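In what follows, a single structure is set out as structure tokens and then discussed.
Since the model is a prediction, treat every value here as computed from it, not as a measurement. So you know, we letter chains A, B, ... as the sequences are listed, proteins then strands, and number each from 1.
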Protein chains: 2
Amino acid sequence: MATGRTHRPATRSRGIPEATVARLPLYLRALTALSERSVPTVSSEELAAAAGVNSAKLRKDFSYLGSYGTRGVGYDVEYLVYQISRELGLTQDWPVVIVGIGNLGAALANYGGFASRGFRVAALIDADPAMAGKPVAGIPVQHTDDLEKIIEDNGVSIGVIATPAGAAQQVCDRLVAAGVTSILNFAPTVLNVPDGVDVRKVDLSIELQILAFHEQRKAGEEAAATEGTGAVPAVRDESGDKGPDGDVPAVMPA
Amino acid sequence: MATGRTHRPATRSRGIPEATVARLPLYLRALTALSERSVPTVSSEELAAAAGVNSAKLRKDFSYLGSYGTRGVGYDVEYLVYQISRELGLTQDWPVVIVGIGNLGAALANYGGFASRGFRVAALIDADPAMAGKPVAGIPVQHTDDLEKIIEDNGVSIGVIATPAGAAQQVCDRLVAAGVTSILNFAPTVLNVPDGVDVRKVDLSIELQILAFHEQRKAGEEAAATEGTGAVPAVRDESGDKGPDGDVPAVMPA
DNA sequence: GAGTGTGAACAAATTCACAGCC
DNA sequence: GGCTGTGAATTTGTTCACACTC
């Protein structure tokens, strides 16, 4: 299924900004909710509020896809759902394998958001022989030995890694060698992959650390450095915000 | 810039770029691994490779924290671990509550990365009375009714929401009312919070959709005889990284 | 009048490239 | 010679504001 190479459709400038791509799923979710409530049209203002962004950004984002709205009216919900789905490649079915069926892998297997969005859990794979054959979310777990065959038989191009950190790179290598070109990595480790393979990572601990950074800053702004004992709940006030600049101990070892 | 010792770097506190903050945990993880191997110093080049970023970016990031390296030598691993930990607020202990102990909540409760990074699971909360008292990851689940009391008694300022989408906003409101000012949201929904409360979200389905977008693009590009044969040892990955660029069908129904 | 679509202004983040120090 | 630290250049992303269409 090719397209003319060296010749662009030119309908709209291809090259949708990465930041926009990352927001399309957000819009899609909001639109799907509207669709289920049979709302026929929506303005950029309303949709932006539902998606948690501002309307200028939303209109700009949509402008990269094309002119799908009607001035003075807004956007047709169904039509926009279709356009965004198509742009994201969700009008086709993506078989996905999940490797590592521990607590997290099981949670992912049970996650409903998959099926409803064009993704299908094609297989669950785990290294523990005791898991083999046991159904999780209605799908029997298969052993890692068969990884390559499973990937090939199902034409899988997207893999999810939910193994312990120590196994992740090895699993990744095997997935890539078997033909997977997109990986969602939940293991807290950096994966090395060849060019042409996309990796996205989700790291719990990183998200918490970012929150802690901001939390610390809030705490440092209202009360001075009063740490140690107490562990004050410190229900924020957040009025004047922006203190001059919190000052931290500045201890310097060594 | 500024000073090196006896005087804290004046550039701190005030305006560390958000993008930099988001990478600090990555550096910290790489540094911790080096520390465990008793590596004394590391260059920006080496550390960058371990963290999966490029060295110029890493040096720039560190420059916002202060001048913690030594020209011609590199960075002292232990010292840097300490500085980044302090900057992120990880030298103190953050009690965290997890609300919604389904598959995902249980996975989070069992996640080891918590304790090792200054976070402590103070309580698990679920709305199902049948769960109450049952231990998950060694911690007894408590009922939602006691949410406010739990938050207050433990001085919790960080909450993790792992409930179904329908319950998330309500749980969020109660957490915030009880004093929580940072929320990590796993439910696929937009949370409304007052000013002063930080929300970060992790959405599985969104990550997959972004991968699908790139995957689709790759598929539509099969024509160019990209690089040579197999085995390309390229060492590089990046979340949200994108390959060269291709084109997509871009059909446009009238 | 209402609300999209978009150039132009602005801001944030990344990369370059090299001076400065060990 | 090796490596950090950082201004300057560049790229990417956001916001403004208004012409234009329905």
- Is it the case that B:His214 and B:Arg217 place a side-chain donor and acceptor less than 3.5 Å from each other? yes
- Message: Contact list please: residues 32-58 of chain A against DNA chain D, heavy atoms, distance less than 4.0 Å, in numerical order.
- Response: A:Asn54, A:Lys57
- Message: Does D:dT14 have OP1 or OP2 under 4.0 Å away from a side-chain N or O of A:Tyr64?
- Response: no
- Do B:Tyr79 and B:Gln83 get their side chains close enough for a donor-acceptor pair, meaning under 3.5 Å? yes
- Message: Could you check whether A:Tyr75 and A:Tyr68 have their ring centres less than 6.0 Å apart?
- Response: no
- Query: Can a donor-acceptor pair be found between the side chains of A:Asp76 and A:Thr41 at a distance below 3.5 Å?
  - Reply: no
- Are A:Arg86 and A:Thr91 linked by a side-chain donor-acceptor pair shorter than 3.5 Å? no
- Message: Would the distance check show the side chain of B:Ser43 and the main-chain N or O of B:Glu46 forming a donor-acceptor pair, the cut-off being under 3.5 Å?
- Response: yes
Could you list all N or O pairs between the protein and nucleotides 20-22 of chain C that sit under 3.5 Å apart?
| from | atom 1 | to | atom 2 | distance (Å) |
| --- | --- | --- | --- | --- |
| C:dG20 | N3 | B:Arg71 | NH1 | 3.3 |
| C:dC22 | O4' | B:Arg71 | O | 3.1 |

- Please report, rounded to the nearest Å, how far the P atom of D:dG13 is from the CG atom of A:Asp61. 10 Å
Pairwise N/O distances under 3.5 Å, protein to nucleotides 8-12 of chain C:
none

- Item | Closest-nucleotide 5' rank along DNA chain D - winner of A:Arg59 and A:Thr20 | A:Thr20
- Given B:Leu191, B:Val197, B:Val193, B:Val180, the one that forms side-chain contact (heavy atoms from CB on, under 4.5 Å) with B:Leu175: B:Val180
- For A:Gly89, does its backbone N or O pair with a side-chain atom of A:Trp94 as donor and acceptor, under 3.5 Å? yes
- Message: If you count heavy atoms of other groups shown closer than 6.0 angstrom to CD of A:Gln169, is the number above 12?
- Response: yes
- Separation of C:dT6 atom P from A:Tyr68 atom OH, nearest Å, is 12 Å
- Over 12 foreign heavy atoms within 6.0 Å of CD, A:Gln170: no
- Check every strand shown and say whether B:Phe62 touches a base, only sugar-phosphate, or nothing at a heavy-atom separation below 4.0 Å. nothing
- Item | Gap between atoms OH and C1', on A:Tyr27 and C:dT4 respectively (whole Å) | 14 Å
- Main-chain N/O of A:Ala212 paired with A:Gln216 side-chain donor or acceptor, under 3.5 Å: no
